[in-house]
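Following: one structure in structure tokens, then a few remarks.
Source: prediction; values computed, not measured. Each ligand, and each atom within it, is numbered from 1 in the order the structure gives. Below, all heavy atoms of this structure are taken into account, side chains as well, without hydrogens, waters or symmetry copies.
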Amino acid sequence: MAAIVTDYRAQEGSETMNPNGKVALITGAGSGIGRATALLLAENGASVVVADVDESGGNETVGMVKAAGGEAAFVHADVTSRDDVEAMVAFTKKTYGGLDIAYNNAGVGTPGARFPDAAPQDWERTLLIDLLAVVACIQVQVPVMKERGGGVIVSTASIAGLMGYMPDPIYAAAKHGVVGLTRSMEFLQAEANIRVNCVCPGVVDTPMIRKVRDNSDPEAKARAEAMVAAMPLIEAGTIAETVLDLIRDDSANGVAMAVTYGRPPRQVEAPIRFGRPDPAQERRG
Ligand SMILES: NC(=O)c1ccc[n+]([C@@H]2O[C@H](COP(=O)([O-])OP(=O)(O)OC[C@H]3O[C@@H](n4cnc5c(N)ncnc54)[C@H](O)[C@@H]3O)[C@@H](O)[C@H]2O)c1
């Protein structure tokens, strides 16, 4: 049986997107993984637009980038608002002249009771932020990237987008959606020189996880502790490095890149790829 998990190794010489001198837009960059990626991209010469609904966190990230000698600007954006998404991309173009790299990273878990007990407004919000907003961001970003002849889009899915995730089934559904969307947008490279990839982190040491672990509800806290026991914490900087690899590597397109504790990042392939002949699926007769 063919393995569906393959080792990923960036191919030397295949780099095409050097962030130096490019313009990057990162959602959810006021904290955690988004902030770590803003710092890394700026360190590698990109001008970074830090987008977040959290103004103080976003401005703090900009301050950190500038203190390290990089270039960044904050834009307030709630990614669930189409107007905000359009304004965020327009701000990027106005401030730095265009858009080359987009990292759609803002995300949340479902608060309160676990599905199916969860309140409809709680699980709807998860799907809105973690999936529908990613769709909207990509839709608004692509035409602006086309103006510069191409670009790279990375989204943050999750390892919960590649496996069953009992603590939060709705989060898993949203992240599976991001993986499916990413794999299905591979055609954009041929059509518009835009590569679309996603990163699928295991459990990362960020405020998102810290909040769940500090939960006052003993049942939710126990679920969080069980999760951390099963998957040890990884640093946000490790995810940022993988995002940078996905941006740089021209061979990475339509890729879901898993990053879990203690193993190198690896591309998780779908069992079959649309349009690619699979001898096992040939019709008989
Ligand atoms: N921490 C983990 O273990 C882990 C694992 C896998 C995937 N992820 C994903 O990584 C991404 C980043 O999470 P993190 O761990 O850095 O969490 P975090 O809470 O530290 O950061 C998330 C950021 O997104 C912002 N945000 C939330 N809703 C928003 C909205 N509507 N509009 C704009 N910004 C919004 C928050 O203000 C925050 O700054 C998320 O998509 C998350 O689902 C996290």
Ligand 1 atoms in contact with A157 (distance to a heavy atom under 4.0 Å) = 7 (C)
For A29 and ligand 1, answer yes if some heavy atom of the residue is under 4.0 Å from a ligand atom, otherwise no.
-> no
Filtering L128, I26, D84, I33 for the heavy atom nearest atom 16 (O) of ligand 1 leaves I33
d(K93 NZ, M88 CE) to nearest 0.5 Å is 14.5 Å
Per-atom contacts of ligand 1 with D54, taking only distances under 4.0 Å to non-hydrogen atoms = 37 (O)
Are any of the N/O atoms in D52 less than 3.5 Å from those in ligand 1?
-> yes
For G32, counting its heavy atoms only, list the atoms of ligand 1 lying under 4.0 Å from any of them.
-> 16 (O), 20 (O)
If you compare G107, A106, G202 by their heavy atoms, the one closest to atom 35 (C) of ligand 1 turns out to be A106
Using distance alone, with no hydrogens and no angle criterion, decide if S251 and D249 have a side-chain donor and acceptor under 3.5 Å apart.
-> yes
Relative to the heavy atoms of D78, which atoms of ligand 1 are at a distance of less than 4.0 Å?
-> 30 (C), 31 (N), 32 (N)
Residue pair T27 / N104, side-chain donor-acceptor N/O under 3.5 Å | no
Pairwise distance CG(L246) to CE(M257) - rounded to 0.5 angstrom | 5.0 Å
Considering only non-hydrogen protein atoms, determine which one is nearest to atom 40 (C) of ligand 1 and report residue, atom name and distance to 0.1 Å.
-> N105 O, 3.2 Å
Are any of the N or O atoms of T206 closer than 3.5 Å to those of ligand 1?
-> yes
When distances are taken from atom 17 (O) of ligand 1, the protein heavy atom at minimum range is M208 CB, 3.3 Å
Quick look: A77 vs ligand 1, heavy-atom contacts under 4.0 Å, and the answer is backbone
Given a cutoff of under 4.5 Å between side-chain heavy atoms of I, L, V, M, F, W and Y, with clusters grown through shared members, what are the other residues clustered with L39?
-> M64, V65
Top protein contact for atom 34 (N) of ligand 1, by heavy-atom distance | V53 N, 3.5 Å
Which atom of A174 lies closest to which atom of L127, heavy atoms considered | CB-CD2, 3.9 Å
Nearest heavy atom to atom 28 (N) of ligand 1 wins, so pick from V108, I159, V228, V203.
-> V108
Would you mind listing which atoms of ligand 1 come within a distance below 4.0 Å of any non-hydrogen atom of P207?
-> 20 (O)
Taking atom types as modelled and ignoring hydrogens, do the side chains of Y103 and T156 form a donor-acceptor contact shorter than 3.5 angstrom?
-> yes
Within 6.0 Å of CD in Q139, more than 12 heavy atoms from elsewhere = no
More than 12 heavy atoms of other residues, nucleotides or ligands under 6.0 Å from CD of E147: is that the case?
-> yes
Residue, atom and distance of the protein heavy atom nearest atom 10 (O) of ligand 1 read T156 CG2, 3.1 Å
Ligand 1 contact on A51 by region, counting heavy-atom pairs under 4.0 Å | neither
Could you check atom 32 (N) of ligand 1 against the protein and tell me its nearest heavy-atom contact, residue, atom and distance included?
-> V79 N, 3.0 Å
Apply the side-chain contact (heavy atoms from CB on, under 4.5 Å) test between R125 and each candidate in V108, T80, I170; give the one that qualifies.
-> V108
Does R35 have a heavy atom less than 4.0 Å from any atom of ligand 1?
-> no
Is the closest heavy-atom distance from T27 to ligand 1 below 4.0 Å?
-> no
Just by distance, with hydrogens left out, do Q189 and N253 show a side-chain donor and acceptor under 3.5 Å apart?
-> yes
In the protein, which heavy atom is nearest to atom 3 (O) of ligand 1, and how far is it?
-> V204 N, 2.7 Å
Verify the neighbour count for atom CE of M163: are there more than 12 heavy atoms of other residues, nucleotides or ligands below 6.0 Å?
-> yes
Just distances here: any N/O of I209 and N/O of ligand 1 closer than 3.5 Å?
-> no
Between F115 and W123, how do the two ring planes meet: parallel, tilted or perpendicular, split at 30° and 60°?
-> perpendicular
Could you name the option among G28, S155, S31 that has the heavy atom nearest to atom 18 (P) of ligand 1?
-> S31
Per-pair distances, 0.1 Å, donor-acceptor, side chain in residues 40-55, under 3.5 Å, sequence neighbours excluded:
unit_1 : atom_1 : unit_2 : atom_2 : d
N44    : OD1    : R248   : NH2    : 3.0
N44    : ND2    : L40    : O      : 2.8
D52    : OD1    : D54    : N      : 2.8
D52    : OD2    : A29    : N      : 3.4
D52    : OD2    : G30    : N      : 2.9
D54    : OD1    : S56    : N      : 3.2
D54    : OD1    : S56    : OG     : 3.4
D54    : OD1    : G57    : N      : 3.0

What about Y171: any of its N or O atoms under 3.5 Å from an N or O on ligand 1?
-> yes
Close N or O approach (K175, ligand 1; < 3.5 Å) | yes
Can you check whether D100 reaches M17 side chain to side chain, under 4.5 Å on heavy atoms?
-> yes
